[in-house]
Each structure stands twice: as C-alpha cells, then as structure tokens.
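All remarks here apply to the structure that follows.
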Amino acid sequence: MKSQIEGLFGIHERALLLRERRAELLAHNLANADTPHYKARDVDFRAVLAGAQAETGIGLIRTSVRHLAGAGADPVLGEPLYRVPAQPSIDGNSVDPDSERSAFLDNSLRYQASLQFVDGRIRRLTAALRGE
Amino acid sequence: MSLFRIMDVAGTGLAAQTVRLNLVASNLANAETVSSSVERTYRARHPVFAAVLGDELAEPAASAGVQVLEVVESARPLQAEYRPEHPLADSEGYIYRPNVNVVEELANMISASRSYETNLEVISTSKQLLQRTLSLGQ
C-alpha cells in the first residue's frame with residue numbers, strides 16, 4: 001500500500017516541479033526584457049520530461065560544490081537552452097516580451113492542469129478512505 | 001518553493017523599472033532647467049540594467065532577476081542659446097539648456113511602464129498558482 005501512495009501522483013508531481021522551474025526561468029526573462037546583452041533562456045519541456053520518465057540522467061558525483069556538474073546536472077530542469085530570437089535587437093538582448101508572456105501564461109495554465117490532476121487523485125483517495 | 005522565487009525575480013524587475021521611471025520623471029521635470037554654465041547644467045540620466053545570476057555554485061540555473069548597475073549621464077552636447085536678456089545668462093550672454101530629448105524620454109516611459117505591467121502580471125499569476133497549490137486537496 002505504501003508504494004502505491006508514493007506513486008499516487010505519477011508523472012504530475014514531476015510535471016509540477018518542472019512547470020514551476022520553467023515559470024521561474026520565464027519570469028527571469030521577463031524581468032530582464034530591457035537588459036542589454038541578456039539572452040533569453042527556456043527549457044525543452046518534452047525532452048526534460050522524457051528524460052525524467054526514462055530516468056536516464058547520468059549524474060556525476062561531486063565531492064565539492066566547486067566541481068563542474070556536467071550535462072543534466074539539474075535533476076528537475078536539465079540544462080536550459082538559449083532562445084533563437086525572431087527579431088534580434090541591436091543591444092544584444094534576445095527577449096521577446098510578447099512571446100515570453102504567452103509562454104508564461106501557457107506554462108501557468110498547464111501548471112493548473114497538473115494541479116487539477118493531483119487534486120483529483122487526492123479527492124478520490126480520501127473518498128476511498130472514508131468509504132462513504 | 002520555486003513560486004516564491006518567481007515573486008522575488010519579478011520584484012527585482014519592478015524595482016528596476018521604477019528606477020527607470022523615476023529617472024524619466026526627473027529628466028522630463030528638468031527638461032527646461034536652464035543654467036549659466038556648462039558644468040552646472042542638468043544632463044539626462046539613464047539607468048544601466050544588468051542581469052543578476054543566482055549562486056551558480058549552489059544551484060545550477062538559479063536566477064535572481066535584474067538590477068540597476070549604475071546611472072549614467074548622457075554625453076550628448078548641451079545646447080547653448082544666446083539670450084542676453086535672460087537673468088541666468090553668463091558674461092557673454094549665453095544660457096545652457098539640458099540635453100534632455102523629450103520625445104525619447106516619453107518613448108522610454110511607455111517602454112518602462114509596459115515592462116512594469118508585465119512583471120506585475122507575473123506576480124499576480126504566480127500568486128494565483130500559489131493559492132491553488134496551497135488549497136490542494138481541500
């Protein structure tokens with residue numbers, strides 16, 4: 001029974017964590033929309049989630065915080081990539097505020113969707129436990 | 001919780017844009033402030049933004065928003081005007097006008113207020129997400 005409760009939320013738990021980190025990354029992009037030479041970053045959600053499902057990430061053991069982490073260092077986010085700007089600007093900034101805003105909105109809606117799934121599972125489990 | 005950090009990041013954005021708006025207001029208010037010498041004339045001021053990166057050693061891909069690195073004065077030449085009857089005119093009859101470009105400042109103001117709004121939107125969205133997360137299972 002214990003293992004079933006551990007796996008109760010399935011992929012949604014991972015997805016929520018990833019959505020959260022991605023929202024942070026997008027917020028960082030938006031905060032730096034006017035910073036010269038700032039390059040917008042984002043994660044490839046599909047690739048990271050696929051990696052999380054397959055558990056293929058080979059982490060390097062670090063004995064000091066000063067060691068380089070290697071690829072796939074972040075268990076949640078993976079390695080964020082840089083965006084290719086649609087309209088490069090003259091000050092070297094590659095943030096397109098409109099597309100970042102829509103990405104942020106899209107991300108938060110999908111976060112809410114995952115939340116809904118998790119919520120549903122909790123409700124079903126409590127209903128089963130109560131036996132009403 | 002990462003969602004709290006989003007608020008920090010967007011908060012730095014709000015602070016930086018506020019500095020920018022303040023400088024725009026200062027420039028516009030002083031657009032007509034004439035003086036009698038080059039040294040004492042007001043010069044347009046602009047902020048220099050820089051990204052704050054989180055502690056890369058502790059946590060990869062950590063992000064911490066934006067900061068105002070410094071405020072620089074515009075190096076554009078001042079306009080000297082021959083107005084011998086002006087009370088502030090120097091011995092040769094010239095007054096000096098600030099190098100504030102009002103049209104540029106207005107465009108700057110619109111851009112700053114749009115960025116401010118965007119950061120505000122980010123905060124209110126993450127607030128909603130947090131509230132929904134906290135009421136999970138209720």
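Letters go in sequence order (proteins before strands), and every chain restarts at 1. The figures here come from the full heavy-atom set of this structure, side chains too, leaving out hydrogens, waters and symmetry mates. Note that this is a predicted model, so its numbers are computed, not measured.
Proximity to chain B (any heavy atom under 4.5 Å) is restricted, for Asp98(A), to the side chain, taken from C-beta onward.
Looking at every heavy atom in both residues, Arg101(A) comes nearest to Thr118(B) through NH1-OG1, 2.8 Å. In plain terms, the two heavy atoms of Ala23(A) and Ile6(B) that are nearest each other are CB-CD1, 3.5 Å. Ala27(A) approaches Val122(B) most closely through the heavy-atom pair CB-CG1, 3.8 Å. Annotation for Leu136(B) and Leu115(A): closest pair CD1-O, 3.8 Å, computed over non-hydrogen atoms. Considering all non-hydrogen atoms of both residues, Gly13(B) and Ala31(A) come closest at CA-CB, 4.1 Å.
Residues Tyr38(A) and Val66(B) form no side-chain contact, since every pair of their non-hydrogen atoms from C-beta on lies 4.5 Å or further apart. Side-chain contact between Asn32(A) and Phe49(B) is absent, with no heavy atoms from C-beta onward closer than 4.5 Å.
Linking Ile, Leu, Val, Met, Phe, Trp and Tyr residues whenever their side-chain heavy atoms come within less than 4.5 Å leaves Leu105(A) and Tyr111(A) in two separate clusters. Tyr82(A) and Val43(A) are assigned to two separate hydrophobic clusters, defined by single-linkage of ILVMFWY side chains at heavy-atom distances under 4.5 Å. Note on Ile122(A) and Leu129(A): same hydrophobic cluster, where clusters join Ile, Leu, Val, Met, Phe, Trp and Tyr whose side-chain heavy atoms are under 4.5 Å apart, directly or indirectly. Taken together through direct or relayed side-chain contacts under 4.5 Å among Ile, Leu, Val, Met, Phe, Trp and Tyr, Met109(B) and Val102(B) form part of one hydrophobic cluster.
Chain B forms more heavy-atom pairs under 4.5 Å with one residue of Thr126(A), Asn29(A), Thr35(A) than with any other, namely Thr35(A). Counting heavy-atom pairs closer than 4.5 Å to chain A, the top-ranked of the candidates Thr12(B), Asn119(B), Ile123(B), Leu69(B) is Asn119(B).
Gln128(B) contributes atom CD, which lies 7.0 Å from atom CD of Gln112(A) (distance to the nearest 0.5 angstrom). Between the OG1 atom in Thr125(B) and the CG atom in Leu26(A) there is a gap of 11.5 Å [rounded to 0.5 Å]. Taking CG of Leu30(A) as the start and OG of Ser115(B) as the end, the distance is 9.0 Å to the nearest 0.5 Å. If you take CG on Asp34(A) and CD on Gln17(B), they are separated by 5.0 Å, rounding to the nearest 0.5 Å. Taking CZ from Arg132(B) and OG from Ser108(A), the interatomic distance works out to 11.0 Å, rounded to the nearest 0.5 Å. Remark: His28(A) NE2 to Asp8(B) CG distance equals 12.5 Å, nearest 0.5 Å.
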Going through the checks in order, is the side-chain contact (heavy atoms from CB on, under 4.5 Å) test met by Arg5(B) and Arg21(A)? CA-CA 10 Å; Arg5(B) 225 158 48 208; Arg21(A) 296 297 300 273; 4.1 Å; yes

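Counting heavy-atom neighbours within 6.0 Å of Glu32(B) CD, excluding the residue itself, gives a total of 12 or less.
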